There are 2 protein chains.
Amino acid sequence: MPFGQHEIAKKLDVSQGTISRALNGKPGVNPKLRKSILTEAKKLGYSLDTNFAARSMRHQALGLSQTTRVICAILPGSLDEFSFSGRFFKGLSTQAAQIACEVVLITHPIGQLPLIVSRGQVDGVVRLLGDLEIASGAVGCPTPWISLFWDIPEADLVTVGQEAAFWKIGRHLAQLGHRRVAFIGPEMPLARERRRGLAAGLALEDASPPVLLVFEKPFAANPVDTRLLVDEVLALPEPVTAIAAYNDYMAVCAIDELESRGVQVPAEMSVTGFDGAVPSGLRGHDLTTVALPLEALGAESVNLLHQRLQNPDGPRRKLILETEFMEGRTAAARVAKA
Amino acid sequence: MPFGQHEIAKKLDVSQGTISRALNGKPGVNPKLRKSILTEAKKLGYSLDTNFAARSMRHQALGLSQTTRVICAILPGSLDEFSFSGRFFKGLSTQAAQIACEVVLITHPIGQLPLIVSRGQVDGVVRLLGDLEIASGAVGCPTPWISLFWDIPEADLVTVGQEAAFWKIGRHLAQLGHRRVAFIGPEMPLARERRRGLAAGLALEDASPPVLLVFEKPFAANPVDTRLLVDEVLALPEPVTAIAAYNDYMAVCAIDELESRGVQVPAEMSVTGFDGAVPSGLRGHDLTTVALPLEALGAESVNLLHQRLQNPDGPRRKLILETEFMEGRTAAARVAKA
DNA sequence: CTGAAAGCGCTAACAT
DNA sequence: ATGTTAGCGCTTTCAG
């Protein structure tokens, strides 16, 4: 069914090599002949992409640049991440268009790279690793790639200031009068950065020293573990008045658990999140959180990747973007105890 | 930088053909030798995908099935569609995993197919065409493909019952006492189906005959045109009490316009949408609408595509799924005029 | 300006 | 059981 340059060559009674020259815009083809070749190719629906495999094989043989003009974004597969993915993907696609590239999105088939990546059909990859992959350490990639949020030695990094973001949350809670706060999250380096910022934000000078209690489990960013952590928080002999969650997803799960146990949010317990990407199935919570600059993260990822492709041996780069505090309705002023 | 089977052959001092046989699991290789070949390949990081281009070229030469195990979903590029895309993509990916395929998502580079499609790097395509493409009629595709919602002769169809869905909206509005209703939408075949269902739903037997006023413009599913249509509706000498929009996006835009002109929703004007995919930037409206079965649409698209790939010359198929009416807070009972 | 031919890595048919 | 070879469609070099 597919056909090649030979087909056009036969029709025009020239050699197949000439067709190649004409289609590639190489010099040394009679302008008249070239025009008729281009016409015939269009008529037959032939383009140099028609037999892309052969072409790229030949390019490889000649050590040519082998650029595919395609970038692959790999994101965790859970539906809950998709309000994240939407705006991020928009940023990726828009910026990619600026450098004449396309972006394809794929949710991660765990434990291995997507086929189009392992087959070398993309120039580069932008990737948000999941907790499990970080833990397993299996993060190879045959092309240059950008890591989102996780600082991986072999990849360039695009992230946000974690400490600064949680400092904003801490300060907000402090201003609301909260002095005993629980942090719930997974046992990960990112969680450590976040609670460090939180502690700093809580430590406003003109208030009593804050108490930050940390509740962490290995892979806690799921409903079951979040509920367990919340239960632990509620079982404290001396209660806290606020829970700062590792991310919005955990915050929403925590609110569910609190409400199901009869604890009013924010009247009896303030809850904050992080990332501004509340699962769409759980609307209306109007979470107090810190929003990620999702479009910018996408756009800058493409920028950094592009620079890396231009200069494969350049120094590794890290880009840290700013976050924005979002006041919602899940954190309120601490009420004095009875 | 890339290397081939020849590299392994040299290391083990066998012929390259034997490497090929071993890696492809063909008979006629000494089990011991095979094992050492597999081990060496793994050590060197070689797989049959390493030089995918050469392999698929050879397959083509032999007329083999040429299956890439990759499906491409092409959706309109606007951010506003993404709450749609998320659940739909989830359905696609989940079902694709069942047939050992991967799905990549790409937002549409207008006027041409994505590179991975035109290069023949995917087995099939699932595609939601935009208004403009429908109008321009340029819908070619080198692989089998599924069209979402739009009935295109050359593709299988996965859609929902448009008339039935709007019948539910019409009935709901009728039950709330609305007899004069405006439909706003683009000038498209789908819009005609929708308002036909709407008219039927409004025509409850035990009520006065309804009046359905139609306001359509060529490509009206955007904020500017929606506002203009709403203005036209508000300028009617004899006012309507409800606006049924072509989709949720137009409904949300319409509500914005109404509120900016001091018209209370739903107190003074009821508004309904369609598709259950409210743009995430415009939450909290709690739209009265009909929800699409997005996961099912995705899953069934993959199913149908899979069947088509199994049986390329089978009859064209259309799959029509059911919708679900969602009572929200933007449609209320008609209040008696002063 | 154009044709002829080499050769990219792979698979399978044929030879040993 | 293993080695050898043809040839997929393409780009480029070398002849003419």
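None of these values were measured; they are calculated from a predicted model. Reminder, nothing fancy here: chain letters follow the sequence lines and each chain counts from 1.
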Rounded to the nearest 0.5 Å, what's the gap from OG on B:Ser56 to CG on B:Leu48? Could you check?
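Separation between the atoms: 12.5 Å.
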
Euclidean distance, B:Ile152 CD1 relative to B:Leu129 CG, rounded to 0.5 Å:
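Interatomic distance, B:Leu129 CG to B:Ile152 CD1, rounded to 0.5 Å: 5.5 Å.
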
Of B:Asp123, B:Asp156, B:Thr143, which is the lone residue that meets side chain to side chain contact (heavy atoms under 4.5 Å, CB included) with B:Arg308?
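For B:Arg308, the side chain to side chain contact (heavy atoms under 4.5 Å, CB included) test succeeds with only one of B:Asp123, B:Asp156, B:Thr143, which is B:Asp156.
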
Walk me through it: do B:Glu102 and B:Arg69 pass the test side chain to side chain contact (heavy atoms under 4.5 Å, CB included)?
CA-CA 6 Å; B:Glu102 291 177 3; B:Arg69 313 258 63 159; over 6 Å; no

How many Å lie between [atom1] on [X] and [atom2] on [N], as a whole number?
X: A:Ile19; N: C:dC1; atom1: CD1; atom2: P; result: 16 Å
X: B:Leu12; N: D:dA1; atom1: CG; atom2: C1'; result: 15 Å
X: A:Arg119; N: C:dG9; atom1: CZ; atom2: C1'; result: 16 Å

Going through the checks in order, is the side chain to side chain contact (heavy atoms under 4.5 Å, CB included) test met by A:Leu105 and B:Val104?
CA-CA 5 Å; A:Leu105 175 67; B:Val104 302; over 6 Å; no

What one-letter contact string describes nucleotides 9-16 of chain D from 5' to 3', where B marks a base within less than 4.0 Å of any protein heavy atom, S marks contact via sugar-phosphate atoms alone, and - marks no contact?
BBBBB---

